[in-house]
There are 2 protein chains.
Amino acid sequence: MKQETRKEEIISTAAKLFKEKGYSAVTMRDLASAMGIKAASLYNHISSKQDILKVIIISLAESFTEGMAVIQSSNDLCLDKLRQIVKLHITISSQNVYGMASLNNDWMHLEEQLEYYLKLRHDYENDFRNILKQGIDSNEVIDKNLDVMLFSMLSTLRSLYLWIPKKEDLNLEELAANLSNVLINGINK
Amino acid sequence: MKQETRKEEIISTAAKLFKEKGYSAVTMRDLASAMGIKAASLYNHISSKQDILKVIIISLAESFTEGMAVIQSSNDLCLDKLRQIVKLHITISSQNVYGMASLNNDWMHLEEQLEYYLKLRHDYENDFRNILKQGIDSNEVIDKNLDVMLFSMLSTLRSLYLWIPKKEDLNLEELAANLSNVLINGINK
DNA sequence: GTCTATATGGTGATAGAC
DNA sequence: GTCTATCACCATATAGAC
């Protein structure tokens with residue numbers, strides 16, 4: 001188990017606070033207090049509040065991009081690719097529940113990296129849509145409401161960070177199977 | 001068409017700004033500037049920034065509670081009740097896209113009304129869960145993963161405010177039918 | 001209904017001692 | 001690596017003139 005550097009400690013503490021109140025409502029004094037030090041001391045490890053947000057969001061966004069690239073390059077059936085996307089979201093979300101809150105809710109407070117983030121997100125959604133499209137072409141997926149399907153799946157997957165920490169003794173493999181099943185087959189008997 | 005009072009004008013302008021940057025990041029100067037007046041002038045119409053947030057969130061939360069009460073009291077089949085819940089979310093979200101952002105993302109900044117809001121939300125989720133449970137008992141809904149189904153449907157419905165404004169020429173009746181279909185029957189062929 | 005002026009306190013960040 | 005002290009600025013909100 002690699003031990004956290006002081007900088008990583010600051011970043012994960014910040015992510016936790018950002019999840020509770022959002023980036024703008026968390027002050028450097030709040031963060032310092034949660035670490036048991038004074039605000040000025042934070043600046044020995046990080047260069048600015050903005051820098052913390054950047055690290056949290058961009059590293060997560062790039063994880064999704066990398067995961068999607070792997071899924072895309074496979075020759076699996078579309079429905080299997082969709083199951084892999086579900087797995088990707090569950091894995092990343094469960095490993096960084098706090099950071100996912102910033103990725104979802106505080107991206108608009110990015111400064112230098114805003115456009116880069118928006119491009120990553122846009123490309124990710126496009127790749128997701130293309131997999132659904134292929135599923136329609138190969139007769140695996142219903143040929144109706146492509147955008148509604150994409151919106152529904154993405155909304156659910158993006159909310160996992162809110163839901164995962166509320167379930168105790170959660171088996172991630174089981175969750176992936178169950179959630180894939182609900183998203184693909186619906187809820188009716 | 002009822003014309004907006006100055007107070008209502010302030011509240012709907014605030015909701016728009018809150019959606020873009022979140023409650024904490026919007027200053028009274030931002031809000032005043034968007035209205036074309038000075039910050040001090042706002043206080044002739046509203047008593048505090050907090051008061052604006054309270055009005056936006058509580059009125060929406062109560063709308064959902066009222067809608068759910070109507071749906072619950074009917075004798076319709078469970079799947080029909082679920083379709084009505086979808087319709088309820090689409091109707092409220094499309095009428096108040098900006099306010100829905102605060103309801104979803106800024107509720108933690110409520111002060112006096114925080115507990116009241118949490119109770120409304122908790123009761124709403126409970127009612128939703130009970131409808132699904134009844135659907136299982138009446139053999140309309142698969143008897144598996146109740147919590148996963150609830151989470152998935154609620155996540156999608158709570159994200160409608162992000163998605164509705166991106167679609168031009170959106171027919172709400174059609175969206176309700178299509179979204180219900182995707183949520184109930186899934187996406188596979 | 002809006003303004004200017006102002007009170008009071010919080011904000012991110014830096015300098016320099018230990 | 002942390003501290004105290006401090007800077008320059010921004011926050012919500014009020015008082016009182018027009």
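Protein chains get the first letters and strands the later ones, always in sequence-line order, with residue 1 at the start of each. Values reported hereafter were calculated over all heavy atoms of this structure, with side chains retained and with hydrogens, waters and symmetry mates removed.
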Problem - Among D/dT12, C/dA13, D/dG1, the one nearest A/R6 by side-chain distance - result: D/dG1

Fill in the blank from the handout: All heavy atoms of B/N105 vs all of B/Y161, minimum pair found to be ND2-OH, 3.1 Å

Exercise for the section: Have a look at B/R6 and tell me which of B/N44, B/I46, B/L42, B/I37 forms a side chain to side chain contact (heavy atoms under 4.5 Å, CB included) with it. Expected result: B/I37

Exercise for the section: Ignoring backbone atoms, establish whether B/S41 has a side-chain N or O less than 4.0 Å from OP1 or OP2 of C/dC3. Expected result: yes

Practice task
Mind checking B/R29 for me? I need base, sugar-phosphate or nothing, with any heavy atom below 4.0 Å counting as a touch.
Solution key: base

Exercise for the section: Let me know the distance between CG of A/L42 and P of D/dT2, rounded to the nearest Å. Expected result: 9 Å

Problem - Between P of D/dA15 and CG of B/N44, the distance in whole Å - result: 13 Å

Problem - Shared hydrophobic cluster, B/L77 / B/L82 (ILVMFWY, side-chain heavy atoms < 4.5 Å) - result: no

Handout entry: Any side-chain heavy-atom pair of B/D147 and A/W163 under 4.5 Å
Key = yes

Exercise for the section: Taking only the side-chain heavy atoms of A/H45 (C-beta and beyond), determine which of C/dT4, D/dT2, D/dT12 contains the nearest atom. Expected result: D/dT2

Practice task
Provide, to the nearest angstrom, the distance between the CE atom belonging to A/M35 and the P atom belonging to D/dC3.
Solution key: 11 Å

Practice task
Starting at the 5' end of DNA chain D, write a dot or bracket for each base, bracketing those in Watson-Crick or G-U wobble pairs whose two distances are under 3.5 Å and using | for partners on another strand.
Solution key: ||||||||||||||||||

Problem - Euclidean distance, atom CG of residue A/L31 to atom C1' of C/dT11 [Å, nearest integer] - result: 14 Å

Problem - Whole-Å distance separating the OH atom of A/Y43 from the P atom of C/dG16 - result: 18 Å

Handout entry: Phosphate contact (C/dT2 OP1 or OP2) by B/K38 side-chain N/O below 4.0 Å
Key = no

Handout entry: Distance in angstrom units between B/I46 CD1 and D/dA13 P, rounded
Key = 7 Å

Fill in the blank from the handout: Closest of C/dT2, D/dT12, C/dT4 to the B/M28 side chain is D/dT12

Practice task
Please tell me if the side chains of B/E140 and A/N188 come closer than 4.5 Å, counting only heavy atoms from C-beta onward.
Solution key: no

Practice task
Please report, rounded to the nearest Å, how far the C1' atom of C/dG12 is from the NE2 atom of A/H109.
Solution key: 15 Å

Exercise for the section: Would you please test A/L179 and A/L160 for side-chain contact (heavy atoms from CB on, under 4.5 Å) and show each step? Expected result: CA-CA 10 Å; A/L179 182 54; A/L160 277 165; 4.0 Å; yes

Problem - Nearest non-hydrogen partners of A/L53 and A/Y23, listed with the distance - result: CB-CE1, 3.7 Å

Exercise for the section: Please report, rounded to the nearest Å, how far the P atom of D/dT2 is from the NZ atom of A/K7. Expected result: 15 Å

Fill in the blank from the handout: Taking C/dG12, D/dA11, C/dA5 as options, the one with an atom nearest any side-chain atom of B/T27 is D/dA11

